[in-house]
Number of protein chains: 2
Amino acid sequence: MTKMTQIGGASALPLNTILAGDCIEVMNGLPEASADLIFADPPYNLQLKGELHRPDNSQVDAVDDAWDRFDSFAAYDRFTRDWLAAARRLLKPGGAIWVIGSYHNIFRVGAALQDAGFWILNDVVWRKSNPMPNFRGKRFTNAHETMIWASRDEGGKYTFNYEALKALNEGIQMRSDWVLPICTGHERLKDDQGDKAHPTQKPESLLHRVLVGSTNPGDVVLDPFFGTGTTGAVAKMLGRDYIGIEREEAYRAVAEKRLKNVRKFDKAALEVSASKRAEPRVPFGQLVERGMLRPGEELYSMNGRHKAKVRADGTLIGSDAKGSIHQVGAACEGAPSCNGWTYWCYKKDGKRVPIDILRQQIRAEMAERPN
Amino acid sequence: MTKMTQIGGASALPLNTILAGDCIEVMNGLPEASADLIFADPPYNLQLKGELHRPDNSQVDAVDDAWDRFDSFAAYDRFTRDWLAAARRLLKPGGAIWVIGSYHNIFRVGAALQDAGFWILNDVVWRKSNPMPNFRGKRFTNAHETMIWASRDEGGKYTFNYEALKALNEGIQMRSDWVLPICTGHERLKDDQGDKAHPTQKPESLLHRVLVGSTNPGDVVLDPFFGTGTTGAVAKMLGRDYIGIEREEAYRAVAEKRLKNVRKFDKAALEVSASKRAEPRVPFGQLVERGMLRPGEELYSMNGRHKAKVRADGTLIGSDAKGSIHQVGAACEGAPSCNGWTYWCYKKDGKRVPIDILRQQIRAEMAERPN
DNA sequence: TCAGGCCCTGAATCGTGTC
DNA sequence: CGACACGATTCAGGGCCTG
């Protein structure tokens with residue numbers, strides 16, 4: 001499967017192989033202007049301190065590997081500038097790069113990209129359908145990661161397969177936010193002890209969308225932080241050539257084994273059944289945020305016997321209970337449960353109208369503009 | 001409605017007003033450590049092309065594109081550093097900032113925030129339910145903007161109304177991606193010609209979530225790029241004090257008019273689901289003193305696997321540990337910590353009942369007859 | 001074979017008040 | 001200021017076992 005391509009008669013391109021070593025040195029040893037796309041998942045510099053436990057007291061297996069530790073932002077910036085410069089040299093004139101990161105590092109990476117002369121085309125948000133919650137209730141659930149897509153140069157003739165992405169998205173233009181699950185189950189590679197082989201393995205679905213959208217069959221895709229080789233695996237399936245660079249022996253071994261078992265797709269296998277979505281859940285609070293109901297406004301029970309007042313956080317306060325629309329409704333009726341959506345009404349032009357009408361309005365909007 | 005607050009007897013804080021002028025100069029004229037929250041929607045219109053001049057006024061030569069770019073990014077970075085420094089000076093020790101932007105500027109803003117000593121808490125993606133499509137089909141639909149939420153200092157005791165946000169989201173922890181429509185319809189302010197009064201007016205729903213989540217009633221919220229005053233309008237509705245700074249006369253005029261017509265929600269509506277941490281502390285010993293539990297009585301663990309005996313001083317003695325309800329619970333489970341209130345049960349009419357019920361009884365009494 | 005319950009896990013910058 | 005003790009805190013999904 002390994003191909004060697006002559007570039008300008010000078011040096012050869014080691015296609016479909018994993019190169020060992022520091023990515024900056026290795027990249028500088030490859031011929032310039034030889035890659036169509038670079039996908040990079042660099043260390044995030046998470047700066048984790050203590051241990052973290054779930055509410056059930058189990059411990060979170062954190063990313064504390066040596067390769068993710070940097071002495072300072074300045075050190076991380078230096079590292080970023082250096083690998084970006086080496087990467088840019090490798091790109092063909094119409095080439096492009098994707099870099100993924102979290103709020104710990106992505107702002108520094110984005111600024112460095114711009115400073116290096118890359119031209120940002122989009123930032124794309126990977127919205128995780130199943131992220132790890134925030135266990136201490138001190139912040140928002142960290143439910144997304146950010147990818148930056150940039151061309152080598154301003155005005156570069158980058159590849160963008162608009163129609164293919166639109167097809168992937170059920171006929172609607174692909175947006176800058178992608179909802180995809182994290183990598184779990186059988187796709188998640190394990191070592192001999194049954195532990196995860198790599199702490200941050202990316203899902204193939206993510207790379208699928210990246211490569212379908214911004215490369216063509218036969219293109220050369222380089223990944224300087226290859227890890228367990230998701231980029232290579234998806235590139236191979238899609239009929240692209242890959243070059244991986246990975247410093248850690250253990251990751252290279254896992255990736256080699258993985259890639260050996262990957263088969264190029266036939267067309268038919270490509271279509272992933274679009275998961276049909278259940279009726280989207282609409283939090284009652286959204287009616288308040290959107291100004292459809294106002295804090296302080298009175299709601300009336302369907303039977304006219306009870307009323308309650310809307311609060312700014314989307315809870316109700318009744319005569320002797322406060323909480324969600326369901327909880328207060330149940331309390332009013334002395335019932336074990338209650339569907340607040342059909343129980344409560346608001347006043348519109350003097351008439352009582354069920355609040356479920358408002359939920360239906362929001363759902364109608366969501367149906368018109370899905371995703 | 002305008003309030004003036006004396007800060008340290010020195011200078012006054014012009015609450016609920018819109019200040020005219022350059023935000024950096026105006027901020028530097030206000031007393032330090034006087035704002036609880038800053039919300040900023042800075043400009044990113046860089047004029048990267050055309051009539052660009054270097055700081056020394058020499059015209060940029062079209063040949064050295066890289067320098068051109070460097071110059072303009074450098075100028076934007078300088079501007080960003082300056083207004084962030086002025087903003088940080090204004091924040092109280094437990095203060096925090098939100099900044100919103102797009103891929104054109106947010107990476108530079110994020111890096112500058114970190115460099116200035118702010119501590120990023122989350123990046124939050126505003127996912128637009130109705131974005132403008134990409135008409136030329138050359139990129140992804142730009143369907144989101146990014147907000148960065150950061151505390152003034154690492155370790156700062158920032159405000160986060162976890163329970164209120166969870167309530168807004170129908171009982172599920174609020175995530176870092178928010179789906180909200182853009183500002184249209186009646187909410188979108190128009191000028192006398194019927195054109196939109198401001199090109200980037202933010203929806204009130206966005207500010208509602210920001211302010212409910214990261215401020216308390218009576219807090220001071222400052223917006224250095226006030227525009228048409230969405231921050232002020234939502235702050236006023238929610239019973240927060242605002243300070244707006246805006247350079248453009250036309251925007252100030254629109255905002256003044258808007259704010260005059262905004263009404264504060266009534267008090268009960270502003271009350272928000274409280275966190276358990278805010279509830280009064282009840283020593284376990286009080287249950288024994290009051291005779292709700294008797295010395296010698298057995299307690300049983302929630303899972304039924306352990307038991308312990310109550311002692312007269314409000315400690316427990318288990319099979320192989322003695323101490324507080326928390327310590328003995330942790331020892332039984334071999335866990336690093338344990339909430340004894342929810343872990344231990346007592347027997348009532350043959351059934352196991354969590355001792356937390358008894359704590360709730362005491363708290364209810366305290367609320368009825370406060371000391 | 002299927003449904004239901006239990007267990008485990010995921011790029012995480014995840015306390016606070018009192019003495 | 002540090003040390004110590006209290007006690008608050010999770011969502012989605014996959015695997016595996018049992019009935």
Side-chain angles (χ1 to χ4, degrees), chain A residues 41-65 67-70 73 100-106 126 128-146 179 181-188 190 194-196 198-203 225 227 275, chain B residues 114 118-123 149-151 154-158 160 162-163 166 169-176 275-285 303 314-315 323-327 329-330 335-344 355-356 359:
Chain A
D41 183 10
Y44 286 10
N45 188 24
L46 285 187
Q47 308 165 78
L48 302 179
K49 301 213 168 66
E51 294 176 344
L52 180 65
H53 293 90
R54 298 186 179 82
D56 67 4
N57 269 320
S58 63
Q59 193 179 331
V60 174
D61 183 14
V63 180
D64 53 1
D65 306 73
W67 50 254
D68 196 51
R69 288 198 288 268
F70 293 81
F73 282 133
I100 184 168
S102 66
Y103 67 83
H104 309 83
N105 71 322
I106 198 65
W126 169 27
K128 303 178 185 182
S129 57
N130 51 348
M132 182 160 62
N134 184 290
F135 296 120
R136 309 301 297 266
K138 300 306 291 182
R139 301 184 178 192
F140 299 96
T141 308
N142 207 338
H144 74 276
E145 294 188 24
T146 301
V179 180
I182 60 176
C183 182
T184 59
H186 291 299
E187 190 186 325
R188 189 79 194 223
K190 301 293 188 336
D195 299 322
K196 57 188 174 191
H198 191 283
T200 72
Q201 186 184 339
K202 296 293 175 286
F225 307 97
S275 59
Chain B
Q114 292 178 310
F118 287 99
W119 191 246
I120 298 182
L121 299 166
N122 278 113
D123 58 339
W149 174 42
S151 58
E154 181 177 354
K157 295 203 190 314
Y158 57 90
F160 184 59
Y162 177 76
E163 292 291 345
K166 193 170 166 179
N169 196 34
E170 198 94 322
I172 293 175
Q173 182 172 97
M174 187 71 81
R175 298 168 39 118
S176 60
S275 83
K276 288 183 190 161
R277 267 184 248 270
E279 294 199 63
R281 186 170 287 205
V282 177
F284 174 73
N303 57 25
T315 59
S324 73
I325 52 174
H326 315 295
Q327 290 166 333
S337 70
C338 170
N339 184 345
W341 289 106
T342 53
Y343 181 76
W344 294 107
I355 60 173
D356 204 35
R359 180 170 66 161

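We use all heavy atoms of the structure for the numbers below, so side chains are in, but hydrogens, waters and symmetry mates are not.
Aromatic ring centroids of Trp67(A) and Phe225(A) lie 6.0 Å or more apart. Aromatic rings from Tyr158(B) and Trp119(B) are positioned such that their centres are separated by 6.0 Å or more.
Residue contacts for Pro181(A): at a heavy-atom cut-off of 4.0 Å it reaches no nucleic acid atom on any strand shown. Residue contacts shown for Gly50(A) include a base, since a base heavy atom lies under 4.0 Å away. Using a 4.0 Å heavy-atom distance criterion, Lys166(B) is classed as a sugar-phosphate-only contact.
If you take atom P in dA8(D) and the same atom in dT18(C), they sit 15 Å apart, rounded to whole Å. Atom P of dA11(C) sits at a distance of 16 Å from the matching atom of dG15(D), rounded to the whole Å. Remark: the separation of the P atoms in dT10(D) and dT16(C) is 15 Å, to the nearest Å. Atom C1' of dT1(C) sits at a distance of 15 Å from the matching atom of dC16(D), rounded to the whole Å. Taking atom P in both dT9(D) and dT9(C), one finds a spacing of 25 Å when rounded to whole Å.
For Lys49(A) and Lys138(A), each mapped to the nucleotide of DNA chain C holding its nearest heavy atom, the one lying further toward the 5' end belongs to Lys49(A). Take the nearest nucleotide of DNA chain C for Gln47(A) and for Asn130(A): the residue whose nucleotide is more 5' is Asn130(A).
Between Glu154(B) and Lys49(A) there is a salt bridge, since a side-chain N of the basic residue sits under 4.0 Å from a carboxylate O of the acidic one. Look at Glu145(A) and Lys128(A) and you find a salt bridge, because one of the NZ, NE, NH1 or NH2 atoms lies within 4.0 Å of a carboxylate O, short of that distance.
For Lys202(A) against dA11(C), a side-chain-to-base donor-acceptor contact under 3.5 Å is present. For a distance-only test at 3.5 Å, the side chain of Arg188(A) fails to qualify as a donor-acceptor partner of the base of dG14(D).
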*What string of B, S and - do you get for nucleotides 2-8 of chain D, 5' to 3', when a contact is any protein heavy atom under 4.0 Å?*
----SBB
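In this structure, Tyr162(B) reaches the dT10(D) phosphate: one of its side-chain N or O atoms is under 4.0 Å from OP1 or OP2.
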*What pattern of brackets, bars and dots sums up DNA chain D from 5' to 3', given Watson-Crick or G-U wobble pairs under 3.5 Å, [ ] for crossing pairs and | for another strand?*
.|||||....|||||||||
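Here the C1' atom of nucleotide dG10(C) and the CG atom of Asn142(A) are 12 Å apart, to the nearest Å. Atom C1' of nucleotide dC14(C) and atom CD1 of Ile120(B) are separated by 16 Å, given to the nearest angstrom.
By the 6.0 Å contact criterion, NZ on Lys190(A) is enclosed, its count of non-hydrogen atoms from other residues, nucleotides or ligands being greater than 12.
The two residues Pro42(A) and Ile100(A) have their closest heavy-atom pair at CD-O, 3.5 Å.
Using bins of under 30°, 30° to 60° and over 60° for the plane-to-plane angle, the ring pair Trp341(B)/Phe284(B) lands in the perpendicular bin.
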